Amino acid sequence: MQFFFEVLIAGLLSGVMYALVALGYVLIYKASGVFNFAQGAMVFFAALTTAGLVDSGLSLWLAVPLTMVAMVVLGLLTEKFVLRPLVAQHEITLFMATIGLTFFIEGLAQAIWGANVRALDLGIEDVPLEWLLESANIAVSQFDLIASGIAAVLVTLLAIFFSKTKIGRALRAVADDHQAALSIGIPLQHIWGIVWAVAGFVALVAGLLWGARNGVQFALTFVALKALPVLILGGFTSVPGAIVGGLIIGASEKLAEVYLGPYVGGGIEGWFPYVLALLFLVVRPEGLFGERIIRRI
Amino acid sequence: MKYITRIFLAAAVATVTWSASAQEQFIPAIDYRVGPYAAGGSGFFGGAIDYMSLVNAKGGINGVKLVWEECETEYNATRGVECYERLKKSHGGASLVEPLSTGIAYGLLDRVAQDKIPMTTLGYGRSDAADGRVFPYVFPLITSYWNQAAGMIKYLGDKAGGLDKLKGKKIVHLYHDSAFGKEPIPVFEAYAKQLGFELIKIPVAHPGNEQQSQWLQIRQAKPDYVILWGWGVMNATALKSAQRNGYPREKMLGVWWAGSEEDVIPAGAAAKGYSSMTFNTPGNYPVLDEIKKKVYAAGKGNLEDKGRIGSVYHMRGVTAAILWVEAIRKAQEKYGKGKVMTAEQVRWGFENLNVDEASLKALGAFGMLPPVKTSCLDHEGSGAVKVQRWDGKSWKAITPNWVTGDKAMIRKMQEEGAAKYAAEKKIKPRDCSKEG
């Protein structure tokens with residue numbers, strides 16, 4: 001039983017890390033109806049920029065705000081040169097544009113900082129909590145616990161931002177209908193600029209935590225793969241949904257790998273969350289917390 | 001008259017240029033400098049190009065200069081095959097091909113045999129391709145995965161106080177869930193049966209950036225050693241996860257694709273004390289100094305970051321190019337010094353390589369790689385490995401001499417594997433006694 005709980009806790013903590021990446025997708029989708037394929041590339045760009053600045057001799061405390069500035073600029077430029085010319089175009093057109101953006105950002109990051117892999121030290125030791133290990137023989141990573149705390153704070157802030165602020169309400173209006181929002185005087189470009197900047201901030205937080213966890217390398221773009229089933233499960237428009245989806249995906253993939261894996265040759269962690277998400281999609285297409293769309297046909 | 005003189009002069013220059021290019025031996029560089037594995041690709045191909053530049057700076061191979069053209073694959077098998085097809089007839093024809101990718105190598109296996117172009121697969125690819133009777137155009141030079149796996153068990157046995165001391169021990173094989181990760185399993189299983197240790201196989205799904213469930217299983221099994229057969233982000237993640245779960249890195253032994261700076265630097269302090277296999281002894285060598293003096297000082301170095309000269313991937317690239325150049329040199333001894341060799345002639349050179357200690361001394365690479373002697377039967381040429389340890393800043397060799405496992409057992413397995421492949425593909429193995 002102790003081992004079961006150990007696996008479950010590890011899964012829940014990993015799930016929070018997936019949710020961090022999923023949040024970036026939710027933000028952009030919620031505000032603009034665009035599935036931003038480039039979110040993984042943004043995570044990589046943010047982590048590489050911070051690590052690059054630190055390696056150039058800057059302190060982490062200076063490198064992080066500078067990277068934040070870079071992410072805001074990247075977001076604003078994306079809005080101006082990629083999204084603005086495509087206003088009122090079909091969703092698939094915007095989606096294709098973000099695919100192009102992915103390759104551009106990946107290339108840009110490596111062109112600026114090179115292809116070398118880097119370490120990123122946030123000063124948080126990634127070791128098991130000793131007292132828990134000694135008292136209950138359960139290994140829980142100190143780093144993952146702190147990362148979960150950061151994610152909780154971030155989600156709370158974003159939830160308040162969306163529901164309690166004027167900009168948050170404007171964001172939701174834009175998401176519902178671009179043209180209707182424009183007609184009542186909501187500045188679309190301004191709103192999109194803000195949301196891309198906020199998504200850049202979320203990408204920075206995810207990049208810092210994932211970069212410190214596994215190192216800063218191109219493979220950071222792959223963390224996006226972990227976020228997709230989270231989105232399907234939690235819904236594309238719900239911030240709390242991303243967290244709950246992350247927890248479910250994290251816990252189920254770990255339990256499946258440990259208890260189901262040995263019967264099917266192991267290595268199922270990669271595809272199991274997708275199967276789970278697919279099954280969920282059949283029962284509840286809008287996800288756990290997504291908005292149910294009812295259309296008259 | 002002046003105009004006509006100019007035309008003749010231009011024609012003469014063109015002729016000289018053409019004849020100069022006719023004295024060039026073409027090597028396609030099917031490489032990857034962007035994408036997920038760019039760090040390894042840029043180091044390896046940077047090293048190979050640096051050595052070829054050095055050879056050219058010293059006058060070429062008996063006057064024949066080397067020329068190369070790069071084609072970016074991003075480690076993608078389809079692009080790799082496309083690059084090969086695009087470059088195989090360039091500059092008078094490719095002398096050899098080295099894709100540094102198991103996927104691309106598999107894609108080219110039949111094509112190189114058809115085009116009669118030798119393919120080197122240094123430290124990767126099919127282990128049974130060492131049987132030159134079935135795979136005349138493939139050269140898994142120095143050491144294949146199977147001999148590496150045998151070397152690993154030999155090392156762990158030595159560490160335990162003798163191979164017999166491995167009886168009753170638990171060894172985890174933590175592997176990338178792909179053909180690459182599964183390749184050494186037959187060797188480990190044969191040794192487990194022979195020596196009586198328990199082999200626990202734990203796969204990691206690609207890309208391997210999340211391994212908590214695997215490491216919890218490892219924690220529960222309490223193994224004596226963990227063999228890390230990983231690639232890319234999986235390696236740094238494994239080291240970090242080991243730390244997160246309190247498993248000592250001193251008990252971990254990695255495949256050589258988990259043994260470069262790119263594998264340990266992202267793991268930071270978690271990598272300290274970790275060991276891996278290698279077919280190069282880390283350190284500095286006269287050939288590297290020469291590259292710095294004659295190539296980088298002349299502004300012709302391939303690496304942007306000079307600090308990477310002599311790094312694991314760079315040294316592997318230099319090693320590969322040394323063997324390519326020696327194969328061409330060997331071919332010239334038979335087919336004519338100072339002539340450009342055909343791919344078929346270079347293949348003969350690879351099959352008759354004899355890079356002994358004296359040659360390595362002359363090349364400034366003594367100790368950097370083991371002596372390599374190939375034949376029609378043996379396209380591997382060595383089978384020796386070393387073990388290196390990361391001290392937090394650099395790799396240090398911890399086995400003073402080259403280590404070999406049970407080479408007879410491995411050879412038997414290679415011959416069986418090759419015979420099976422020959423039967424599947426309806427290949428009639430060559431009779432090596434008739435080869436010149």
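All figures in this text were calculated on a predicted structure; none of them were measured in a lab.
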Check: Does Ala212(A) offer a backbone N or O that forms a donor-acceptor pair with the side chain of Lys240(B) under 3.5 Å?
Finding: yes
Margin query: Is any side-chain heavy atom of Val127(A) closer than 4.5 Å to one of Gln243(B)?
Written below: yes
Notebook entry, point to check: Between Ala39(B) and Ala115(A), what is the shortest heavy-atom contact and its length?
Noted result: CB-O, 3.5 Å
Checklist line | Nearest heavy-atom neighbours spanning Leu216(B) and Ala10(A) | finding: CD1-CB, 3.7 Å
Next item on the list: Mark yes when over 12 heavy atoms from residues, nucleotides or ligands other than Glu72(B) sit less than 6.0 Å from its CD; otherwise mark no.
Entry: yes
Check: Between atom CD of Glu210(B) and atom OH of Tyr18(A), what is the distance when rounded to the nearest 0.5 Å?
Finding: 3.5 Å
Checklist line | Heavy-atom pair count under 4.5 Å with chain A, highest-scoring of Ala236(B), Gly268(B), Pro207(B) | finding: Pro207(B)
Check: Top residue by heavy-atom pair count (under 4.5 Å) with chain B, among Ser141(A), Gly107(A), Gly11(A)?
Finding: Ser141(A)
Check: At a heavy-atom separation under 4.5 Å, does Glu130(A) approach chain B through its side chain, its backbone, both, or neither?
Finding: neither
Item checked: Within 6.0 Å of NZ in Lys272(B), more than 12 heavy atoms from elsewhere -> no
Item checked: Working for side-chain contact (heavy atoms from CB on, under 4.5 Å), residues Ser213(B) and Glu253(A) -> CA-CA 9 Å; Ser213(B) 49; Glu253(A) 73 169 18; over 6 Å; no
Check: Is the shortest side-chain N to carboxylate O distance from Glu262(B) to Arg118(A) below 4.0 Å?
Finding: no
Margin query: Restricting to non-hydrogen atoms, name the atom on Pro203(B) and the atom on Gly267(A) that form the minimum distance, rounded to 0.1 Å.
Written below: CG-N, 3.4 Å
Notebook entry, point to check: Got Arg219(B) and Glu6(A) here, is their nearest side-chain heavy-atom distance under 4.5 Å?
Noted result: yes
Notebook entry, point to check: Which bit of Leu133(A) comes within less than 4.5 Å of chain B, counting heavy atoms only: side chain, backbone, both or neither?
Noted result: side chain
Notebook entry, point to check: Which heavy atom in Trp210(A) sits nearest to a heavy atom in Asn209(B), and how many Å separate them?
Noted result: CZ3-O, 3.7 Å
Note to self: Is Leu129(A) close to chain B through its backbone or its side chain, or both, or neither, when contacts mean heavy atoms under 4.5 Å?
What the structure shows: neither
Next item on the list: Please assess Arg244(B) against Asp144(A) for the test side-chain contact (heavy atoms from CB on, under 4.5 Å), listing each intermediate value before the final yes or no.
Entry: CA-CA 9 Å; Arg244(B) 193 176 299 145; Asp144(A) 284 358; 4.0 Å; yes
Note to self: I need the Asp177(B) CG to Glu269(A) CD distance, nearest 0.5 Å.
What the structure shows: 11.5 Å
Next item on the list: Verify the neighbour count for atom NZ of Lys300(B): are there more than 12 heavy atoms of other residues, nucleotides or ligands below 6.0 Å?
Entry: no
Checklist line | Segment of Val223(A) engaging chain B (4.5 angstrom heavy-atom cut-off) | finding: both
Notebook entry, point to check: When rounded to the nearest 0.5 angstrom, what is the spacing between CD in Glu257(A) and CD in Gln217(B)?
Noted result: 6.0 Å
Note to self: So for Phe3(A), is it side chain, backbone, both, or neither that comes closer than 4.5 Å to the heavy atoms of chain B?
What the structure shows: side chain
Check: If you look at every heavy atom in Ala205(B) and Gly270(A), which pair is closest and at what distance?
Finding: CB-N, 3.7 Å
Check: For the atom pair CG (Leu303(B)) and CG (Asn116(A)), what is the distance rounded to the nearest 0.5 Å?
Finding: 9.0 Å
Margin query: Treating Asn214(A) as the side-chain partner and Thr237(B) as the backbone partner, does any N or O pair qualify as donor plus acceptor under 3.5 Å?
Written below: no
Check: Can you tell me if OH on Tyr259(A) sees more than 12 non-hydrogen neighbours from other groups inside 6.0 Å?
Finding: yes
Notebook entry, point to check: Would you say Glu250(B) has more than 12 foreign heavy atoms packed within less than 6.0 Å of its CD?
Noted result: yes
Next item on the list: Could you grab the distance from atom OG of Ser241(B) to atom CG of Asp126(A), nearest 0.5 Å is fine?
Entry: 8.0 Å
Notebook entry, point to check: For the atom pair CD (Gln211(B)) and OG (Ser14(A)), what is the distance rounded to the nearest 0.5 Å?
Noted result: 11.0 Å
Next item on the list: Could you check which of Gln214(B), Gln220(B), Glu261(B), Arg33(B) has the highest count of heavy-atom pairs closer than 4.5 Å to chain A?
Entry: Gln220(B)
Margin query: For chain A, which candidate among Val233(B), Asn245(B), Asp263(B) shows the most heavy-atom pairs at distances under 4.5 Å?
Written below: Val233(B)
